[in-house]
Amino acid sequence: MALIRYYFENKAGLYQTMMHETMEPIQAQMRVVMEKGDFDSIGEFMRTYYRIMAPNPDMPKLMSRAMMLAPDDPQRQMMEKMIRDIARPATDMMFTKLQQNGQLNPGMDPEKARMTFISLMVFPFLIPPAMLEIHGIEMTESYLFELAEHNVKVLTQGIFNQKGEAQ
């Protein structure tokens, strides 16, 4: 505990440092997505997320738990700020821009497409181990990298209209 106080002041400081260092590459890629808003940048964002989270598979669980804390809890406030400042604007822009450019498949709702995107990113890290076992899935880093590629294909072949066909 003395080392935590010395380096981080308190547990909240440790949490904030850990989250910042883990999330910085993801936030950097999210900024690229906001600038470009194209299929390649969105796919690369998903790959970056999986690449960062694969060796830290409990991080999304930690983030999820933080969002379930009381609204005035510092951990929750930090997560909300991160979501408000980077994630929400980027996904709003991403899916709205894709729809405006005719790059969402006809009939795709941008809000629901965003929910699908979030689900594809987060659920693999939140799935209960017993469910993985029942389905015979071993969640290794290599499996997660393959899943990232599969999920990019799901997005590009199922949600996105790469041909730019009018809606």
Side-chain angles (χ1 to χ4, degrees), residues 19 22-69 76 78-167:
M19 290 302 295
T22 302
M23 298 304 291
E24 180 52 38
I26 294 168
Q27 290 176 326
Q29 188 61 43
M30 186 66 86
R31 287 188 284 275
V32 170
V33 169
M34 288 177 72
E35 290 172 21
K36 292 184 177 179
D38 62 4
F39 301 118
D40 292 337
S41 64
I42 294 168
E44 192 53 38
F45 172 72
M46 183 171 279
R47 289 180 191 98
T48 299
Y49 181 83
Y50 273 68
R51 191 171 52 250
I52 298 300
M53 293 304 168
N56 305 294
D58 290 330
M59 182 64 72
K61 291 176 188 156
L62 185 63
M63 295 163 64
S64 178
R65 276 188 232 120
M67 291 304 296
M68 292 182 204
L69 295 171
R76 177 170 170 174
M78 189 184 77
M79 287 303 306
E80 286 182 0
K81 181 176 180 1
M82 196 176 347
I83 292 167
R84 265 194 309 276
D85 293 352
I86 300 285
R88 178 65 195 258
T91 57
D92 282 351
M93 181 282 314
M94 181 187 326
F95 289 101
T96 301
K97 185 175 181 179
L98 289 171
Q99 184 183 42
Q100 290 169 348
N101 293 340
Q103 294 176 310
L104 283 184
N105 273 327
M108 283 290 155
D109 179 323
E111 180 182 325
K112 290 175 185 65
R114 180 178 59 224
M115 181 60 145
T116 299
F117 178 75
I118 292 167
S119 299
L120 290 171
M121 298 228 352
V122 176
F123 185 73
F125 298 95
L126 300 180
I127 187 171
M131 190 177 290
L132 289 171
E133 189 177 322
I134 289 168
H135 290 283
I137 298 171
E138 187 179 349
M139 195 70 77
T140 63
E141 283 189 40
S142 62
Y143 181 86
L144 286 168
F145 296 146
E146 291 169 13
L147 183 61
E149 292 305 318
H150 170 81
N151 287 344
V152 168
K153 286 180 187 174
V154 167
L155 290 173
T156 58
Q157 295 173 13
I159 292 177
F160 301 147
N161 180 8
Q162 290 189 310
K163 296 176 187 129
E165 297 168 358
Q167 296 184 18

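To the nearest 0.5 Å, the span separating OG1 on Thr48 from CE on Met121 amounts to 9.0 Å. Interatomic distance, Met108 CE to Thr116 OG1, rounded to the nearest 0.5 Å: 7.5 Å. Going from atom CZ of Phe145 over to atom OG1 of Thr140 covers 9.0 Å, rounded to the nearest 0.5 Å. Note that the CG atom of Asn151 and the CG atom of Leu147 stand 4.5 Å from one another [nearest 0.5 Å]. The CZ atom of Phe125 sits 14.0 Å away from atom CG of Leu62, with the distance rounded to the nearest 0.5 Å. We find the CE-CG distance between Met78 and Leu69 to be 11.0 Å, quoted to the nearest 0.5 Å.
Between Glu111 and Arg114, the closest side-chain pair of non-hydrogen atoms falls below 4.5 Å. Between Met131 and Ile134, every side-chain heavy-atom pair lies at or beyond the 4.5 Å cut-off. By the 4.5 Å heavy-atom criterion applied to side chains, Met59 and Ile52 are not counted as neighbours. Inter-residue side-chain proximity for Met139 and Ile127 is flagged as met; some heavy-atom pair is nearer than 4.5 Å. At a threshold of 4.5 Å between non-hydrogen side-chain atoms, the residues Met67 and Ile83 count as touching.
Panel note: side chain Ser119, backbone Met115; a donor-acceptor pair is recorded below 3.5 Å.
Residues Ala54 and Pro57 come closest through the heavy atom pair O-CD, 3.3 Å. Scanning all heavy atoms of the two residues, the minimum distance from Pro124 to Leu144 falls at CB-CD2, 4.3 Å.
If you look at Tyr50 and Tyr143, their ring centroids are not closer than 6.0 Å.
Between Glu44 and Arg47 there is a salt bridge, since a side-chain N of the basic residue sits under 4.0 Å from a carboxylate O of the acidic one.
Counting non-hydrogen atoms of neighbouring residues, nucleotides and ligands closer than 6.0 angstrom, the NZ atom of Lys61 exceeds 12 such neighbours.
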